[in-house]
Number of protein chains: 2
Amino acid sequence: MITKLFIVDDHYMVIEGIHALLQNEKNIEWIGHAMNADSCLAFLQHQQPDIILMDISLPDTSGIDLCKMVKTKYPAIHIVALSTFNQQSFIKKMMENGASGYLLKNASTKEILDCIETTMKGKSYFSFEAAQTLRYHSDDEIILTLREKEVLMLIAEGLTNPEIGQRLFISTATVDSHRKNILTKFNVKNTAALIHAAVKKGFL
Amino acid sequence: MITKLFIVDDHYMVIEGIHALLQNEKNIEWIGHAMNADSCLAFLQHQQPDIILMDISLPDTSGIDLCKMVKTKYPAIHIVALSTFNQQSFIKKMMENGASGYLLKNASTKEILDCIETTMKGKSYFSFEAAQTLRYHSDDEIILTLREKEVLMLIAEGLTNPEIGQRLFISTATVDSHRKNILTKFNVKNTAALIHAAVKKGFL
DNA sequence: AATGGCATCCCCTAAAAAAGGGATTCATTT
DNA sequence: AAATGAATCCCTTTTTTAGGGGATGCCATT
């Protein structure tokens with residue numbers, strides 16, 4: 001059986017690279033590529049692949065959002081996230097939005113083929129390193145409420161508690177409460193460590 | 001005249017991609033590739049290219065350091081930085097270490113060829129977007145002293161001034177001085193904005 | 001010999017944050 | 001109906017910052 005493959009990535013060299021790596025595979029048909037979310041959606045209106053390799057950082061929409069959009073319109077298509085970043089937050093978000101796998105860009109030909117094969121069987125596939133970070137950081141998952149995210153962003157902008165209160169039309173005491181909860185959730189002692197951790201975990 | 005090209009990148013698909021994009025160019029000879037700094041240096045002992053396309057994020061040493069090492073041993077080799085990141089700090093550091101150009105990974109074939117040609121003439125080449133950020137952020141350059149960088153890193157780890165003083169064997173007052181100078185240099189009002197800015201500018 | 005940059009140290013004050021505690025409303029879920 | 005979680009507000013105390021001011025050696029460059 002021949003697998004129809006489509007790729008979405010804004011890096012021309014990556015597209016060409018995967019193309020070159022897979023050109024001798026007879027059971028994989030390369031049906032095209034897109035360099036942004038819009039042209040990907042346009043392509044899908046005329047033709048549907050079995051698998052899409054999708055970069056998570058795209059110029060227009062993020063791969064995370066594109067994944068969701070494609071999956072709701074075409075649930076049969078398997079989507080594999082393609083990324084340089086081995087970040088637990090990205091991996092989780094892609095999987096939540098319906099992706100079937102996560103492939104790092106330093107993957108070998110064998111990994112790519114394994115991934116396509118596994119995904120076509122309806123199973124999930126992770127790059128070795130991606131799987132490792134998922135396991136390693138599995139308990140690090142931090143869930144912030146909407147309000148807490150708002151406060152966190154304003155803290156990062158350098159606003160003080162009174163200023164944040166004014167901005168959100170709540171009292172300084174409330175901001176303080178949120179702040180304490182955020183610090184607890186991140187398990188850090190002060191603002192400096194908080195912002196550092198928040199950036200590394202993809203909140204900012 | 002034939003240009004001998006070598007590439008250092010830990011992403012197999014990028015290597016294959018550039019290879020594919022340039023395989024029909026008759027005046028470019030592809031003499032090999034390396035996926036880390038060590039094997040690059042090993043290769044150079046036997047053979048020297050005219051141009052090296054070098055990724056700035058490598059598994060062992062950073063491209064920034066590798067660039068310096070190669071340039072001191074083989075000054076004749078032109079080095080072009082290859083990166084996904086369009087960050088002014090990275091660009092500057094590579095140029096300081098002797099790079100002749102900065103190519104973003106979303107470059108087209110034409111851009112790559114232009115870059116190689118320009119570089120061979122002994123001139124500098126920048127991807128359009130890279131040149132833009134260089135111009136745009138030209139006045140944002142922040143220069144920290146060694147001590148200030150140390151203090152900044154410890155702040156980001158969440159240490160307080162007394163703790164930093166203990167760690168660096170200096171008084172709390174000195175830490176405070178450094179801290180004030182850092183805030184001034186970054187032109188921010190508090191720690192939160194400082195850490196946020198420092199991460200975005202590549203200090204952390 | 002002088003200038004400027006770096007690192008070091010000190011003083012002061014007021015603002016802000018961290019770290020405890022607790023309490024109320026509201027909506028959703030069980 | 002009870003429980004849960006989010007968002008709101010309040011209190012106290014101690015520690016830490018921010019923001020002013022200034023001062024001293026040291027080193028390299030001028």
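Order of the sequence lines sets the chain letters (A, B, ...), proteins ahead of strands, with each chain counted from 1.
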Whole-Å distance between [N] [atom2] and [X] [atom1]?
X        : N      : atom1 : atom2 : result
A:Phe186 : C:dA18 : CZ    : C1'   : 17 Å
B:Leu194 : D:dG19 : CG    : P     : 11 Å
B:Glu148 : C:dT8  : CD    : C1'   : 13 Å
A:Ile195 : D:dT17 : CD1   : C1'   : 15 Å
A:Leu168 : D:dT8  : CG    : P     : 8 Å
A:Arg179 : C:dA16 : CZ    : C1'   : 8 Å
A:Glu163 : C:dA15 : CD    : P     : 13 Å
B:Ile143 : C:dC6  : CD1   : C1'   : 14 Å

Can A:Arg167 and A:Glu163 be counted as an ion pair, charged N to O under 4.0 angstrom?
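Result for this pair is no, no salt bridge flagged.
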Does a side-chain N-to-carboxylate-O contact under 4.0 Å join B:Glu96 and B:Lys93?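 Looking at B:Glu96 and B:Lys93, the cut-off is not met.
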Check whether any side-chain heavy atom of [X] lies under 4.5 Å from a side-chain heavy atom of [Y], and answer yes or no.
X        : Y        : value
B:Thr3   : B:Ile51  : yes
B:Arg147 : B:Thr174 : no
A:His196 : A:Val188 : no
B:Leu168 : B:Val175 : no

*5' priority, DNA chain C, between B:Leu146 and A:Pro162 [closest heavy atom]*: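 Checking each residue's closest nucleotide, the 5'-ward one belongs to B:Leu146.
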Just compare [options] and give me whichever is closest to any side-chain atom of [X].
X        : options              : answer
A:Lys180 : C:dG20, C:dC9, D:dT8 : C:dG20
A:Ile170 : C:dC10, D:dC9, D:dA7 : D:dC9
A:Leu183 : D:dT8, C:dC9, C:dA18 : C:dA18

Just N and O in the side chain of [X]: are any of them under 4.0 Å from OP1 or OP2 of [N]?
X        : N      : result
B:Asn161 : D:dT17 : yes
A:His178 : D:dA7  : no
B:Thr191 : D:dT17 : no
A:Ser177 : D:dC9  : no

Overall bend - the helix from C:dA15-D:dT16 to C:dT30-D:dA1, comparing terminal axes fitted on five pairs, nearest 10 degrees: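 What I find for the helix from C:dA15-D:dT16 to C:dT30-D:dA1 is an axis angle of 20°.
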message: Regarding A:Thr160, tell me which of base, sugar-phosphate or nothing describes its non-hydrogen contacts under 4.0 Å with the strands shown.
response: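 If one applies the 4.0 Å heavy-atom cut-off, A:Thr160 turns out to touch the sugar-phosphate alone, with no base involved.
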Practice task
Under 4.0 Å between any heavy atoms, over every strand shown, what does B:Thr145 touch: base, sugar-phosphate, or nothing? Just pick one.
Solution key: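 Sugar-phosphate, no base atom in range.
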**Message:** Whether the side chain of A:Asn36 engages the backbone of A:Pro59 through a donor-acceptor N/O pair (distance < 3.5 Å, no angle test) should be reported.
**Reply:**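 Absent.
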Is the number of heavy atoms from other residues, nucleotides or ligands within 6.0 Å of NZ (A:Lys123) greater than 12?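 Not buried by this count: 12 neighbours or fewer within 6.0 Å.
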Which residue, A:Thr174 or A:Lys185, contacts DNA chain D at a nucleotide closer to its 5' end, judged by nearest heavy atom?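 The residue closer to the strand's 5' end, by nearest nucleotide, is A:Lys185.
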